[in-house]
Amino acid sequence: CLLVPLIKVTRLVKEGTGKTTLAIGDGANDVGMIQEADVGVGISGVEGMQAVMSSDIAIAQFRYLERLLLVHGHWCYRRMSSMVRPFKLNLNIQ
């Protein structure tokens with residue numbers, strides 16, 4: 001069963017690097033990995049809806065993943081930077 005190794009790898013990367021992790025899954029065997037990651041993306045498909053129900057973001061097909069990461073990731077970055085900028089100016093940080 002691949003369930004335990006996927007959870008262990010996700011936890012190892014998350015704790016070892018200290019970075020935000022993203023897990024993408026489409027079936028019941030990916031639920032643990034999706035729950036362990038900081039951001040989980042579930043793809044609805046033939047294998048059922050278990051991954052979608054346990055994920056943070058759900059998409060209908062794998063081809064929508066590129067748009068999710070590039071477009072929505074870009075807009076999230078823009079929103080965060082526009083929020084941090086006034087704080088930086090208020091604190092007078094160079």
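FYI, side chains are in, hydrogens and waters are out, and symmetry mates aren't considered; it's all heavy atoms of this structure.
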Q | Main-chain N/O of G40 paired to D56 side chain as donor or acceptor, under 3.5 Å | A |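 Present.
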Q. Considering only heavy atoms from C-beta outward, does the side chain of L65 approach that of L68 to under 4.5 Å?
A. yes
Q | L12: partners by side-chain contact (heavy atoms from CB on, under 4.5 Å), with sequence neighbours left out | A | none
Q. What residues join V71 in its hydrophobic cluster, counting side-chain heavy atom gaps under 4.5 Å, either direct or through other members?
A. W75
Under a 4.5 Å side-chain heavy-atom rule over Ile, Leu, Val, Met, Phe, Trp and Tyr, are [X] and [Y] clustered together?
X	Y	result
I43	V39	yes
L69	V52	no
I57	F62	yes
I59	I34	no

Q: Give the intermediate values and the outcome of side-chain contact (heavy atoms from CB on, under 4.5 Å) for residues M80 and M83.
A: CA-CA 5 Å; M80 290 297 289; M83 185 182 78; 4.2 Å; yes
Q: Scan residues 57-72 for pairs that pass side chain to side chain donor-acceptor pair (under 3.5 Å), counting only residues two or more places apart or in two chains.
A: Q61-R63
Q | Test salt bridge (charged side-chain N to carboxylate O under 4.0 Å, His left out) applied to D38 - qualifying residues, sequence neighbours left out | A | K14
Q | side-chain hydrogen bond (donor to acceptor under 3.5 Å, both in side chains) partners for E36, two or more places apart | A |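 R11.
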Q: For R78, check side-chain hydrogen bond (donor to acceptor under 3.5 Å, both in side chains) against everything at least two apart and list the hits.
A: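 With neighbours one apart ignored, the set is empty.
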